[in-house]
Amino acid sequence: MGKGGVLGSFEEMVMLAVLHGGTTAYAVSIRRELTQRMGAEIAMGAVYATLDRLEEKGLVGSDLEKPAGRTGRPRRYYRVLPDGLAALDRSRRIRNEMWRGLAIAASDG
Amino acid sequence: MKSESPPALARWLAQRCLSRSDAARLLDALDEEYAELAGTGASSARAGRWYWSQILRSIPPMARRGRITRSREGSAAVRRKNGAPVRRGLLLDLRHLVRMLRRTPWSAGSAVLTLALTLGLGTAIFAVVDTVLLRPLPYADPEALVVVGPVPTDEPEALPRAVRLSDLETWRDALPSPVRLEGYEPSNETLTGLGAAQRVSVTEVTTGFFDLLGVVPALGRGLGPDELGQAVVVVSHDFWRTRLAADPGTLGEPIELNGRRHTVVGVLPQDFFFPLNFSSVWRPLSRPVELEDRNDLTVRVVGRTPGDAATESMLERLKGETPQLASGLMLRAAPLSDIATGGGRLILGLLAGAATLAILVAFSNLAVLLIVRSIDRGRELAVRSALGAGPWETLRQLQLEALALAVLGIAGGVALAVRITPVLSRFALEFGGLSSQSVGVSWRAVGIVTAVALTLAALCAGYPALGALRRGAKDNLRRGTAASPRQLSARRVFVASQVAVAFVLLVSLAQVGRSLLNVLDLGTGFEPAGVLKLQVSLPPSSHEGSEEVASFYAEVQRQLDARLGTGASALVSEVPLTGDGGRGPVGPRRGEATEEAVFRSASAGYFELMGIPLLRGRTFDATDLSSAPQRVVVTESLARRLAGSDRIVGSSIWLPREDRVAEVVGVVGDVKHRALEEPVTGTVYLSAEQSPSRAGVVVVRSSLPEAAVVSTVNETVQRLDRSVPVYRVQTMADVVAQSPGVAARRILTAAFGGSALLAVLLSTIGLFGVLAHDVANRGREVAVRMALGATPQRILAATIRRGARLVAIGLLLGALGSVAAVRGLRAILFSTQQGDWASASLISALILAVAGIAAILPVALRAARREPSTALRGS
C-alpha cells in the first residue's frame, strides 16, 4: 500500500468510483464517474494504471464477463474487495481525525 | 451512432508506445467513449481533440506502470500476463537509448563530435570555395562569351591581345547576326572633385558591351547606342557605395575624370565584376576623329557566339577579314569563363579532393564507431532475442541508436557551421587579401553530408546486428562481448588508414603551402619586401608640357635623394601587379608591329630599387635626357621575340604609337603586370626623363618607418606643388598579396589547411574513440591481469603500445601514400625541391604522433587506474 499503508488520494477516488458503479463498474464508467464528480477530465490511462495497482495490492478484484445483450469484446468489471473496504474506512477515519478541531470554511464534504 | 472513426495517428502512437494488451484495452475504452461523444452531437473536431488529449495523457502512466510490472516480475511473467512476446515501444526504445549513450559516453561522444566537426568545418570550407572561387560569372549565359584576338602561334593558350578599333569594325560588319562582338580598353584616370584626388581604373567600352554580357544596371541606365565618345559613365556598385555615398541622387550628377566632366548615368549590380579588368568606372569608347587615330586606338574584343561550331566558323571568317595579321600570330577565341578561373581549375580539383578525403575520414570514423558499438552489443542482442525480441525490433533499436548519434552530430554540426562559416570566410578572405563579402552556409554541402551520414548510420548499425542474429543466440551468449578477430582487425585497419589519410593530407598541405610561397618568391620578377609605393598625379591644369612634367618629377627625385639617400627612391608610371593597362604595339623594324607590350616609364635607379635583375646592357642613367636619342629598356621575353636573345642591345625597335624608333640599351627580367599566374607579357620601359608620365608612382626602399617615409614624400611633393595629391600608399608586399592569383592561392592554402586540420582532429578522435572502447571492453581481461599481479604501469604500457602500433601502421601507410601524392602535386603545382617531401613528412609524422599521444594517454591512464573489482563488476 502506497505511502505507509495510507491510500493515495487518487486511489481512494478510483475505489469510491468503483463502489458507485455497483456491479457494473468497468473502466469507461469509472472514468466517467470520476470526471463528473471531480469536475475534471481524467485520463483513461491513469484510471487503468491505478486499477492495476489496486488489483495488485489486493484491494480491488475484477472479472472478465461477456455483457448480456451486447456483442463484441468482453468487459472487465471491477469490484472492491473486503481489504479495499477496510482501507477506505481507515483512510476516512484518518482524515476525519486530521480534520478535527480545524475550522476551515469548506463547502465540500 | 455516427460511423466517425477516432484519429488514426493517435491510435498508432498508443500502439507504438504501449504493450499490446495495454494498448488494446486503452483503445477499446476510448473508442467506446469516442463513439458516444460523437453520438451526442459533439463536433468531430472536438471529439478528436478529446481523443488526442486522452491518448497523450494516458501513455505516460500506463507505460510507467508496465515497466514497473515487468521489472518486478521478470520478462517471462510479462510474456505470460500479456500473452504476447515482449514488445518494446518507441518510448522504451528512447529510454533505452539514453541509457546506452550514458553507459558508453566516449565512443558516442566521438561519433557525435566527428559529425559535428565535419559538418561545421568541412562545410565552411566548401562554402568559402563555393562563394569565392566557384562564383559563376554574373552574366546571362556566361558560357557563350569568348575573348577574341591574336595570340602568338607558339603560345596558343595566351590571353588574346587587343586589335585595332578599325579591325573590330570590319569584323562586326562581316559576321552573321547571332554572333556579336564588342570592345573594351582599360586605362587609369584621375578622379577629382570627390574628396582627395584619386586614380581610378576606367574601362572604355563599345556601347553594346553591357548588352552583350546581359548585364542590366541596378540603378539608372546602361550606355546608349549613340553615346560613343560621350562624357557619360556607368559606375561599379562599390564605387557608388564608397565614393558617391550610395546616394541614388548622384545619378545625373557630374564627376571629374582627368579634368573632364562626366555624368553618372547608371550603377552596376552589386555582384557585377569583369574578370579581365576590375574597373570602377565604365565609359563609352572615345570617338576617334581621324582615320589615322583610328588605327592607333586598340581594343580588346569580347564576343557572344551560339556554340563551339559557330565560334570556329567565326574564327575562319575573321581570318579572312584580317589579312594584315603578322606572321607568328593566329586568332584565338578563348572562353571567358576559362580565362576567369585561369589555372585555378586544377587546383580547385585538388582542393575538392582534399576536402573529400577529410570527409571520408569522418565517415570512416563514424562507421568504425558505430560498427564497434554494434558489435559489442552482441551479447545484449542475444539476450534480447532469447527473450523473444524479433529481429526487426533488435534492428530498429540499433538503428535508432545510430540515427540518434547521427542526428545529434548533425544538429551540432549545423549549429557550428552557422557560427563558423562567417568567421572562417572572413579569415580566408582577409588572408587572401580580398574585399570582405558575406559567405552563407553552404546548405548544399550540409545536405550531402547529412544524407550520407544518415545512410551510413543506418547501414553501419544494421550490419553487425544481422551478423549477430545469423549466428544465433547461443553462440552470441557464449562469445559474450568480445569481437571476433576479424572484426578487431577490420577496426584497426580503419583507424590506421585514418591516420594515413591525415598524413597524406598534411604532407600535401605542406606542398600546396610551399607552392604558394614559391609563387610569391619567384613569380613576381621583383623583390617586394621593404618597398613602399606612393601614387602621385599631376593635375592636367598644371605642368602642361612634357618638359614641365619631367622637370617636376626630376626635382621630386632630387629632393628625395637628398632626404632619404641616393638610390632609396625611384619613379615609375605604374608598379607591377596593378594592371596591364598601357599596352601598345612594338616591332623590330619601322612599319612592322609584330608584338604587343606593356609600356612603362621608369627613372634611373628603378630597376635596382625594385630588385628587377639587369640581364644585358645597362639600365637608365643620368645621360638619358630628353635631349638624347630615345632609349628604352626591354624585358627578356620581349627581347627574345623581337630579335633572338643577345643581339638586341644596341639595336633599334619601332614604337608605332610614338611613331619613332628607339635604341635598346638594356634587357631586364620580366615582371607580372596583372597576376602572378598569368603568362608573361613583354614590357618596354621608356626613360622617365624622355617620356614622362603625368601619373607617377614613387617607390621607396628605406629602413625608416613607413609613416616617416610617407610624410617625407608628402612634404617634398607638397612643397613643390600644393595641388598634387600623394595617395594610395601601399607596401609592395600588399600589392602582391592583393593581386588576383595570390588571393585565390592563399584561400586554397587556407582551405587545404582546414581540411588537413579536420583530418588530424578526426583521426585523433577516431583513435581515441576506438581505444577507449577497446579498454572499456577489455575491462575483464585487464582486471584478471591485475588480479594476477600486473602493475598499473604494465597495463599503461600495454595500452599505449596497442595505440602506438595503430599510429605507426598509419604513418607507414601514409608515408607510402604521400610519396604518390607529392609526385602528383609536383606535376601540377610549381616545382619543389627534393628535400621537401622528407621535411614535410617528418613534420607531419610529428604532428600525428603528438595527436596520437593526446588520444592514447588519457585512455591508457584510465585503464591503469581502474580498480580490478570495478572492472570485473562492469563487465
Side-chain angles (χ1 to χ4, degrees), chain A residues 1-3 7-15 17-18 21 24-78, chain B residues 1 6-7 10-11 13-40 42 46-73 77-78 80-83 89 91:
Chain A
M1 218 174 283
K3 294 161 194 166
L7 280 176
S9 71
F10 192 66
E11 285 177 337
E12 194 178 339
M13 296 304 136
V14 170
M15 280 167 75
V18 171
T24 59
Y26 73 111
V28 171
S29 72
I30 294 167
R31 194 198 78 82
R32 199 171 292 153
E33 193 77 40
L34 284 167
T35 297
Q36 276 167 12
R37 287 183 186 264
M38 291 173 73
E41 193 73 35
I42 300 299
M44 187 63 85
V47 174
Y48 271 126
T50 308
L51 284 171
D52 283 357
R53 194 161 54 239
L54 290 171
E55 215 175 350
E56 207 174 280
K57 289 175 181 172
L59 305 180
V60 161
S62 69
D63 297 296
L64 207 58
E65 277 176 29
K66 208 157 174 92
R70 183 176 165 275
T71 54
R73 285 170 181 273
R75 269 181 191 162
R76 186 169 287 278
Y77 290 101
Y78 291 87
Chain B
M1 199 192 264
R11 294 179 61 85
L13 190 69
Q15 281 160 352
R16 300 306 297 168
C17 294
L18 298 173
S19 71
R20 193 176 295 172
S21 60
D22 273 350
R25 59 185 181 148
L26 175 68
L27 293 178
D28 267 358
L30 289 181
D31 287 356
E32 185 183 330
E33 282 207 74
Y34 180 86
E36 278 176 33
L37 192 63
T40 58
R46 209 190 112 210
R49 261 201 311 282
W50 174 85
Y51 199 89
W52 264 110
S53 116
Q54 278 292 326
I55 291 283
L56 291 178
R57 287 163 59 212
S58 292
I59 288 172
M62 290 186 86
R64 204 157 44 229
R65 179 82 202 131
R67 202 158 40 83
I68 291 167
T69 314
R70 237 165 278 162
S71 65
R72 193 173 298 162
E73 298 177 10
V78 176
R80 200 172 52 243
K81 185 176 176 193
N82 292 345
L91 202 73

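Residue numbers start from 1 in every chain, and the chains themselves are labelled A, B, ... in the order their sequence lines are given, proteins ahead of strands.
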field: Sub-4.5 Å side-chain heavy-atom contact between Glu33(B) and Met44(A)
entry: yes

Side-chain donor or acceptor of Arg57(B) paired with backbone N/O of Glu41(A) under 3.5 Å: yes

query: Can a salt bridge be assigned to the pair Arg32(A) and Glu36(B) using a cut-off of 4.0 Å between side-chain N and carboxylate O?
result: yes

- prompt: Any salt bridge between Asp28(B) and Arg76(A), counting N to O under 4.0 Å?
  reply: no

Ala46(A) to Pro61(B) - nearest heavy-atom pair and separation: N-CG, 3.8 Å

- request: Can you measure from OH (Tyr48(A)) to CG (Leu26(B)) and round to the nearest 0.5 angstrom?
  value: 7.0 Å

task: Count the heavy-atom pairs under 4.5 Å between each of Thr50(A), Ile42(A), Val47(A) and chain B, then report the option with the highest count.
output: Ile42(A)

